[in-house]
Amino acid sequence: MSNYYLTTPIYYVTAKPHLGHAYTTIVGDALARWHRLLGDNVHFLTGTDEHGQKVQQAAEAAGLSPQEFTDSIAPLYQQAWQQLNISNDDFIRTTEARHKIGVAELLQRCYDAGDIELGLYKGKYCIACEEYYTDDELDPGDLCRIHKIPVEQVEEENYFFRLSRFQDRLLDWYAAHPGAIAPEFRGNEALGLIRGGLRDFSVSRTSLTWGIPLPWDSKHVAYVWFDALANYLTAIGYGQDNDEFSKWWPAHHLIGKDIIRHHCAYWPAMLISAGIEPPAGWAVGGWLLVGGEKMSKTTGNVVNPLDLVADVGVDGFRYYILADTPYGNDGDFTYEGLIGRYNSDLANNLGNLLARVATVVEKKCGGVGPAPRSDSPLATSAASAYAATAEAWAETAPSRALEATWSLIRATNAHLEANEPWKAEPGAAVDAVMGDALEALRIVAVLASPAVPETSETVWQRLGLPGRADEQRLPAAAEWGRYPGGLTVTKGESLFPRKSV
RNA sequence: GGCGGCGUAGCUCAGUUGGUCAGAGCAUCCGGCUCAUAAUCGGAAGGUCAUCGGUUCGAACCCGAUCGCCGCUACCA
């Protein structure tokens, strides 16, 4: 049994949970659940990023202390993930004591290594970005390109992380670890920006107090990115519990394409400096657009995932997110797409298959599920569906994984159609066909459980199987012929009632 | 400007080292079936794999050029 440590980015508490957060988190959850099926010992982490100037400002605007403010937002994420059936093993908030202890440790290590040095920073600073910019990075009139507001001329004593020293070490590390960043073109992008030259970056601020003090100079608080990245360490005991830490590290990171620089350049450099092994891998996702446009408050197209759950259920939403968006590229959320997937894949294929099988078992087999044939033609369909599903999950390609799993559902519908058990008199022939269908459904329930966990449990129970679908272990659970027969099959309500468009 | 990517059936996309690679799903049309959620099954139609040229016995896949689109070039999934 191997340990598998998976992280999502931690989400900045100036925004409430939206579709974009849900997208990354659901992908992470499905991956975590798949690895649990494989028998891995999984630790799946998500959380919230709660320090920095923007939080301080948002708190002031709300008339709260920063701590009160973050205390009011962080639970929204925890609740959202609960409602989306996210199986995170931990949830870290960067305002927790364990995090502050670990960050201090990491800072001190980098400082002791000589990679953090005091400097004077004169520059043009965008308050909204919390970033300094050079002239060529600004629009005419010294406007921030992102926020279109004037930057301020600021002079501040800062500590700097000497990132510029790490270019060769990073390139060497990546050369020795091909494929660490997926998809490949994102890896090229990361290498490109490292080759393009790395500038030292400021890791402290004296201009605000809402942050973690530097252990050797308490006038400074840690820059929010340094603070935030460290969550991946502090959540598993860095600086406090070495056994726990070394049990899980290095991590597999799930990130968005916009934070490649921080995660693929800053972060491994910080780790190398502190004497910690770089991450095991990064899976970089694209944006989930809404109607072809980037979600933003100004265009008013921010989608609340919980509204969608009310329409198509948790699994309907999860399935759509996973099946309709090839990971790595931008996806496009549309309501029509959501309903289309729901109807065709969930209602027509999976839901209807279970319904027709249950009915025929009831009518022709007395409601008792027969055992499958060992030489069923469906056995090969199941084997190839499993192989393709496993391969796709290994490549962080949920959409292809689900397509592969669903191929077994289609094959099962075809198998029924070819044998027409509803026309035959009860007997061995009917039993054989229905046993095959039940066995295929059993395998589908296991393979689909990372995406649609609730549905898989329901199918599992309706088939009369003991235990739970998500307790099964692959590859054994995908072997043909494990449905024992003699179990009571329950018809039940429609799994996914069709939606009218 | 620099670096990188994309352009495959109406739509969304698979095609890992060049030789059943011209595919899947959805949508459309025709037919079958009626156990099932007007579901399902079969079949058809639909692409000169952006364009041009090259390498090769053979290229969607390699090389060059052209056209179009996009990403990154220190905010945030």
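Every chain is numbered from 1 and lettered A, B, ... according to where its sequence line falls, protein lines coming before strand lines. Atoms considered below: every heavy atom in the structure, side chains included; atoms not considered: hydrogens, waters and symmetry mates.
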Rounded to whole Å, please give me the gap between [atom1] in [X] and [atom2] in [N].
X        : N      : atom1 : atom2 : result
A:Tyr327 : B:rA14 : OH    : P     : 15 Å
A:Asp330 : B:rU12 : CG    : P     : 14 Å
A:Ile409 : B:rA39 : CD1   : P     : 17 Å
A:Tyr342 : B:rA39 : OH    : C1'   : 13 Å
A:Tyr266 : B:rC75 : OH    : C1'   : 11 Å
A:Arg400 : B:rG15 : CZ    : P     : 5 Å
A:Phe201 : B:rC75 : CZ    : C1'   : 15 Å
A:Leu198 : B:rU73 : CG    : P     : 14 Å

Original post:
C1' atom, B:rU48 versus B:rG7: distance in rounded Å?
Top reply: 16 Å
Original post:
Hey, is A:Asp29 close enough to A:Arg318 for a salt bridge, meaning N to O under 4.0 Å?
Top reply: yes
Subject >> N-O pairing of A:Arg162 and A:Asp115 below 4.0 Å >> reply: no
With a 4.0 Å cut-off on heavy atoms, is [X] in touch with a base, just the backbone sugar-phosphate, or nothing at all?
X        : result
A:Arg195 : nothing
A:Asn349 : sugar-phosphate
A:Tyr11  : sugar-phosphate
A:Ile259 : sugar-phosphate
A:Lys364 : nothing

Counterpart residues, salt bridge (Lys or Arg N to Asp or Glu O under 4.0 Å), relative to [X] (two or more places apart):
X        : result
A:Asp258 : none
A:Glu420 : A:Lys423
A:Glu395 : A:Arg400
A:Arg93  : A:Glu50, A:Asp71

Distances under 3.5 Å only, N/O to N/O: pair up the protein atoms with those of nucleotides 35-38 of chain B.
| unit_1 | atom_1 | unit_2 | atom_2 | d |
| --- | --- | --- | --- | --- |
| B:rC35 | O2 | A:Arg356 | NE | 3.2 |
| B:rC35 | N3 | A:Arg356 | NE | 3.4 |
| B:rC35 | N3 | A:Arg356 | NH2 | 2.6 |
| B:rC35 | N4 | A:Arg356 | NH2 | 3.1 |
| B:rA36 | O2' | A:Asn352 | OD1 | 2.2 |
| B:rA36 | N1 | A:Arg356 | NH2 | 3.4 |
| B:rA36 | N3 | A:Asn352 | ND2 | 3.3 |
| B:rA36 | N3 | A:Arg356 | NE | 3.1 |
| B:rU37 | O2 | A:Phe496 | O | 3.1 |
| B:rU37 | O2 | A:Arg498 | N | 3.2 |
| B:rU37 | N3 | A:Phe496 | O | 2.9 |
| B:rU37 | O4 | A:Gly351 | O | 3.1 |
| B:rU37 | O4 | A:Leu495 | N | 3.3 |
| B:rU37 | O4 | A:Phe496 | N | 3.4 |

Subject >> Between A:Phe226 and A:His51, ring centroids under 6.0 Å >> reply: no
**OP:** Please determine, by modelled atom types, if A:Asp315 and A:Thr455 share a side-chain donor-acceptor pair under 3.5 angstrom.
**Re:** yes
**OP:** State the dot-bracket string of RNA chain B. Criteria: Watson-Crick or G-U wobble, both atom distances under 3.5 angstrom; notation: ( ) intrastrand, [ ] crossing earlier pairs, | interstrand, . unpaired.
**Re:** (((((((..((((.....[...)))).(((((.......))))).....(((((..]....))))))))))))....
Subject >> From B:rG25, B:rC13, B:rC33, nucleotide with atom closest to A:Arg410 side chain >> reply: B:rG25
Original post:
Side chains of A:His99 and A:Asn231: closer than 4.5 Å at any heavy-atom pair?
Top reply: yes
Original post:
So, do A:Trp406 and A:Thr389 sit near enough that their side-chain heavy atoms are less than 4.5 Å apart?
Top reply: no
Original post:
Between A:Lys257 and B:rC72, is there a side-chain N or O to OP1/OP2 distance below 4.0 Å?
Top reply: no
